[in-house]
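The chain is numbered in sequence order, starting from 1.
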Amino acid sequence: MSNVVGRLREAFRGEQRPDPDALIARLQAVQRFLTATDGLVPDAELVPAHTVVERAGTRLALSGHHTVVALAGATGSGKSSLFNALARLDLSPVGVRRPTTGVAHACVWGPLDGASRLLDWIGVLPRHRFVRESALDGDDESGLHGLVLLDLPDFDSVQRTHRLEVDRLLGLVDLVVWVVDPQKYADRVIHTSYLREFHRHKDVTVVVLNQVDRLPPTELPKVLGDLRRLLDADGLAGVPLLPTVAVDPAGLDDLRVELERTVAGRQAALRRLTGDVDIVVDGLEPLVGPEPPRTGPGDASAQELTSALARTAGVPTVAEAVEAAYRHRAGGSTGWPLVRGWRKLRPDPLRRLHLPGGDPDAPAESLVAATSVPDPTAAQRSALNLAIRAVADRSAADLPAPWPTTVTTAARSRLTDLPDALDHAVAATDLGMASRPAWWRVVGGLQWLVTLAAAAGLAWLALGYALRALGLPALNHPRLGEVPWPTVLLLGGLLAGLLVAALTRPLIRWAARRARQRAEQRLLTSVGSVGEQYVLNPVWAVLARYAEAREALREAARR
């Protein structure tokens, strides 16, 4: 686009032009629109805009001092005769056979060298290029110096290639002179397929009623009036309408004056490109709405997405495993030492799922490569798809086509990567199970203390029974009231152990629920980050580019 700007500025440097800077700014805005929509809007919708941006730079870089004027008309309208009469040379073949003109012919007023590159770009073959420059003319042709006059093929030719060539050339020239004759000036084809389509280019359009010598003098005003009415209906009000007679040099005076005025002003190329930009902007306006887009999917959509992702990632299963693991480990740390070994024979719930913290003896910083959380069910996958679709629908609710489809595509663009990303997110989440709470150690120490007391009482009693069995003097057991201390230690230790276990069981259940809630919240944060990265961020990126495209088109529409 910088080349286009430079070419435009160079082409209009030092000359009075109708605000070329405005055209430059509009072309830059169109380019920004194309950049913002690249890959998001179907290419077919953007072809005219790409063409105009490219054409603007190329046309004015080739020559800012030549004006390309095309004579366009149907077979028998006399445009080739008009071409020869203006050049005052027999350059283009004339006849009544269809088609008469099969290829474009060009006549250049002034040196051909300056127009050769321009004609190469337009596509006129060298053997069909002519120069209207003769020492015998003196200054007779000086008013047309810089004119490149084209005689186009017949647009109603029976050969399709001729019609396609006409359409191509009409998109490249600076000014079009439509040549009609008294017999077919009201032909539906020229009005519906061509003149009506040029209503945005009426500043660079001239209509010629040729062969007026065939009309009675009294009929000429009527025919001109009727043709003017048709042109007004085509949206070409104010377009010059000139009667011409190719066989009479005096019958070309008005057309020659119009061409000299156009060549002298050197504004046709700028006006043509301005009209092209107008058409492009009008064609692009349906792609953006009158209102700016939403800033994002919204909190409700994000929460629904996170919930669906959590179910897909097996967060409820993991949370249950955390609660069960907490109870399992707490029981193993605070339970009666005599049955702790039996508890350790039972598998840890987190270890079965290969979750972080599954091995309570592993380092806290160790990571899990992949978990063994059950795969999502069909219902969970369907719920996730619906949540993603809801995010896209709510985000694109106010956008015109094709943006809703584009937003949906962006939301689903990384759907296949979600399962692995969710599994890694769960594996990398700190579930808070890597360390043992301090109160476990306190209760565990208390259990060991009462167990040792029971063991001491049992050993004391056993020693007394052994002495009596051997006939040795019995031990004199101290008593607590009527109960010997060994019995107090044994029974008291056993009862105290059971009592501590009974008292800590509700505390363990409460703490396990807290651990589950804490782990669930951390897991939701992790899967929410995955949803933001894999679903929401692509949607936000599309909305940002839509906003950029909308603003660029608003600038391009300023005239």
Side-chain angles (χ1 to χ4, degrees), residues 1-68 117-118 121-122 170-175 198-204 265-293 399-403 406 540-559:
M1 188 63 209
S2 60
N3 292 334
V4 175
V5 175
R7 293 168 183 172
L8 283 170
R9 292 192 184 279
E10 182 178 355
F12 292 107
R13 186 180 296 122
E15 299 185 24
Q16 290 296 111
R17 294 294 168 181
D19 202 0
D21 289 337
L23 176 59
I24 294 172
R26 295 180 69 192
L27 286 168
Q28 289 176 325
V30 172
Q31 182 61 60
R32 290 199 303 274
F33 180 93
L34 293 174
T35 301
T37 56
D38 183 37
L40 302 181
V41 173
D43 292 339
E45 302 278 355
L46 305 177
V47 168
H50 281 290
T51 301
V52 166
V53 171
E54 179 64 25
R55 182 188 299 161
T58 304
R59 165 65 186 90
L60 296 174
L62 292 172
S63 176
H65 302 284
H66 287 88
T67 302
V68 182
R117 292 171 56 224
L118 183 59
W121 175 65
I122 293 174
L170 287 176
L172 300 176
V173 300
D174 303 328
L175 183 141
F198 260 70
H199 72 280
R200 301 304 296 268
H201 291 109
K202 62 182 181 180
D203 288 343
V204 289
R266 294 181 181 177
Q267 300 176 6
L270 180 61
R271 289 175 175 172
R272 172 58 194 262
L273 292 174
T274 299
D276 288 342
V277 174
D278 290 342
I279 293 174
V280 163
V281 169
D282 288 347
L284 295 178
E285 281 182 349
L287 297 178
V288 295
E291 299 297 331
L399 304 187
W403 291 97
T406 302
W540 286 329
V542 171
L543 294 179
R545 291 177 64 178
Y546 173 85
E548 183 180 350
R550 179 178 176 275
E551 182 60 28
L553 195 61
R554 288 182 59 191
E555 294 182 13
R558 294 172 183 169
R559 296 176 174 86

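Scanning all heavy atoms of the two residues, the minimum distance from A549 to V288 falls at C-CG1, 4.5 Å. Contact detail for A29 and A556: the closest heavy-atom pair is CB-N, 3.5 Å. Minimum interatomic distance between L175 and A268 (heavy atoms only, all atoms of both residues): CB-CB, 4.5 Å. The nearest pair of heavy atoms linking V30 to A49 is CG1-CB, 4.0 Å. Residues G289 and R550 share a closest heavy-atom pair of O-NE, 3.2 Å. Smallest separation of non-hydrogen atoms from P286 and G283: CD-O, 3.3 Å.
Residues V281 and L553 form a side-chain contact, since some pair of their non-hydrogen atoms from C-beta on lies under 4.5 Å apart. Using a 4.5 Å cut-off on side-chain heavy atoms (C-beta onward), T51 and V280 make no contact. At a threshold of 4.5 Å between non-hydrogen side-chain atoms, the residues L170 and F198 count as touching.
Contacts of D276 classified as salt bridge (Lys or Arg N to Asp or Glu O under 4.0 Å), with partners at least two apart in sequence or in another chain: R55, R272. Scored by the side chain to side chain contact (heavy atoms under 4.5 Å, CB included) test, R117 finds L62 as partners (sequence neighbours excluded). For R545, there are no salt bridge (Lys or Arg N to Asp or Glu O under 4.0 Å) partners at least two apart in sequence or on another chain. With sequence neighbours left out, the salt bridge (Lys or Arg N to Asp or Glu O under 4.0 Å) criterion links E551 to R554.
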*Step by step, would you call R26 with D278 a salt bridge (charged side-chain N to carboxylate O under 4.0 Å, His left out)?*
CA-CA 10 Å; R26 295 180 69 192; D278 290 342; 2.6 Å; yes

*asked:* Let's go through I279 and H201 carefully: what are the C-alpha distance in whole Å and the side-chain angles of both, what is the deciding distance for side chain to side chain contact (heavy atoms under 4.5 Å, CB included) to 0.1 Å, and is it a yes or a no?
replied: CA-CA 9 Å; I279 293 174; H201 291 109; 3.1 Å; yes

*Taking it one step at a time, do V277 and L23 satisfy side chain to side chain contact (heavy atoms under 4.5 Å, CB included)?*
CA-CA 8 Å; V277 174; L23 176 59; 3.9 Å; yes

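Pairs of residues two or more places apart, or lying in two chains, that qualify as salt bridge (Lys or Arg N to Asp or Glu O under 4.0 Å) and include a residue from residues 56-66 are R59-D174.
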Show me the donor-acceptor pairs, under 3.5 Å and distance only, between side chains in residues 33-47 and residues at least two apart or in other chains.
from	atom 1	to	atom 2	distance (Å)
T35	OG1	Q31	O	3.0
T37	OG1	F33	O	2.8
T37	OG1	L34	O	3.4

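Atom OG1 of residue T274 and atom CG of residue D203 lie 8.5 Å apart, to the nearest 0.5 angstrom.
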